[in-house]
Amino acid sequence: MFEIEDIRDWRGREVIDEAGSRIGHLEAIYVDTATDVPSFATIKTGMPTRQRLVFAPLEGATVGPEHLRIAHAKKQIKNAPAIGTDGQLLAGDEQEVFAYYDLPYDAAPDERRLARR
């Protein structure tokens, strides 16, 4: 895994899938609130007039020259839960993001599991 300070430097860089297909550009990193470890990225996708931010897990991701490679297929990532480019992930929607990628979600009812950095 990479350090959060390093991945912040990659904002705006290209994001590709496991096969090398372009997905979009890195917008933000979400860390696990319990460990402060980078857990998810938001990727800006879509046409200029209809852009959105899709969530993709950082587990298995690698950093290469000028890109971030996510360990999932482009189609899966493009269909992932998303927010508007000026929106935010609501606490009640966090579980949906984890469930989409079959990841365990263990947070108390009034507790946030993800924080944007």
Side-chain angles (χ1 to χ4, degrees):
M1 187 53 80
F2 27 77
E3 296 296 321
I4 187 68
E5 292 79 17
D6 296 338
I7 196 67
R8 280 187 187 152
D9 295 337
W10 288 87
R11 284 189 179 143
R13 300 279 176 109
E14 189 167 26
V15 179
I16 60 175
D17 75 353
E18 59 193 2
S21 296
R22 183 184 177 283
I23 300 167
H25 290 93
L26 181 64
E27 191 275 334
I29 299 298
Y30 283 75
V31 297
D32 185 313
T33 57
T35 63
D36 211 39
V37 171
S39 297
F40 282 88
T42 51
I43 305 164
K44 189 181 286 189
T45 65
M47 303 304 283
T49 58
R50 294 186 50 189
Q51 291 185 329
R52 62 194 181 106
L53 304 174
V54 294
F55 286 84
L58 289 172
E59 185 174 332
T62 57
V63 175
E66 304 301 318
H67 69 267
L68 174 66
R69 182 183 301 265
I70 302 291
H72 292 276
K74 178 179 180 175
K75 184 176 181 179
Q76 181 183 21
I77 295 168
K78 291 272 191 165
N79 292 323
I83 57 175
T85 55
D86 59 352
Q88 63 180 351
L89 180 64
L90 302 175
D93 296 336
E94 285 185 356
Q95 188 169 2
E96 178 186 0
V97 173
F98 281 79
Y100 180 80
Y101 289 103
D102 294 323
L103 297 172
Y105 182 80
D106 54 349
D110 295 330
E111 183 179 283
R112 300 276 329 219
R113 175 82 188 273
L114 296 174
R116 182 180 169 163
R117 294 278 191 255

- Query: For the atom pair CG (Leu53) and OG1 (Thr45), what is the distance rounded to the nearest 0.5 Å?
  - Reply: 7.5 Å
- Query: Any sub-3.5 Å donor-acceptor pair from Asp32's side-chain atoms to Asp36's backbone N or O?
  - Reply: no
- Hey, mind stepping through Lys44 and Val54 against side-chain contact (heavy atoms from CB on, under 4.5 Å) and telling me if it holds? CA-CA 7 Å; Lys44 189 181 286 189; Val54 294; over 6 Å; no
- Report the C-alpha separation of Leu89 and Glu94 in whole Å, then their side-chain angles, then the decisive distance to 0.1 Å, and conclude whether the side-chain contact (heavy atoms from CB on, under 4.5 Å) test is met. CA-CA 7 Å; Leu89 180 64; Glu94 285 185 356; 3.8 Å; yes
- What are the two closest heavy atoms between Ala82 and Arg52, and how far apart are they? CB-NH1, 3.2 Å
- If only atom types and distance count, is the side chain of Glu59 paired as donor or acceptor with the main-chain N or O of Ser39 below 3.5 Å? no
- Got Pro81 and Asp93 here, is their nearest side-chain heavy-atom distance under 4.5 Å? no
- Which atoms form the tightest heavy-atom contact between Thr33 and Arg112, and what is the distance? OG1-O, 2.8 Å
- Kindly determine whether Glu66 and Arg13 satisfy side-chain contact (heavy atoms from CB on, under 4.5 Å), including the steps that lead there. CA-CA 6 Å; Glu66 304 301 318; Arg13 300 279 176 109; 3.3 Å; yes
- Message: Would you compute the distance between atom OG1 of Thr62 and atom CD1 of Ile70 and round it to the nearest 0.5 angstrom?
- Response: 8.5 Å
- Between Leu114 and Phe40, does a side-chain contact (heavy atoms from CB on, under 4.5 Å) hold up when you go through it step by step? CA-CA 8 Å; Leu114 296 174; Phe40 282 88; 3.8 Å; yes
- Message: Checking ring-ring contact (aromatic ring centres under 6.0 Å, His included) between Phe98 and each of Tyr30, Phe55, Tyr105, which is the one that passes?
- Response: Tyr105
- Asn79 side chain vs Lys75 backbone, donor-acceptor pair below 3.5 Å: yes
- Message: So does Lys74 get a backbone contact from the side chain of Asp17, meaning a donor-acceptor N/O pair under 3.5 Å?
- Response: yes
- Query: Under 3.5 Å, side chain of Thr42 to main-chain N/O of Ala28, donor-acceptor pair present?
  - Reply: yes
- Could you tell me whether Glu27 and Arg11 make a salt bridge, using a distance below 4.0 angstrom between a side-chain N and a carboxylate O? no
- Nearest heavy-atom neighbours spanning Gly60 and Ala71: O-CB, 3.6 Å
- Looking at Arg22, Arg69, His67, which one forms a side chain to side chain donor-acceptor pair (under 3.5 Å) with Glu14? Arg22
- Task: Treating Ile, Leu, Val, Met, Phe, Trp and Tyr as nodes and any side-chain heavy-atom pair under 4.5 angstrom as an edge, say whether Ile16 and Tyr101 lie in one connected cluster.
- Result: no
- Message: If you compare all heavy atoms of Ala56 against all heavy atoms of Ile43, which two are closest, and at what distance to 0.1 Å?
- Response: CB-CD1, 3.8 Å
- Message: To check you understand the geometry: which heavy-atom pair defines the closest contact between Met47 and Gln51, and what is its length?
- Response: O-CG, 3.0 Å
- Item | Nearest atoms (heavy-atom pairs only) where Lys78 meets Ile23 | NZ-O, 3.5 Å
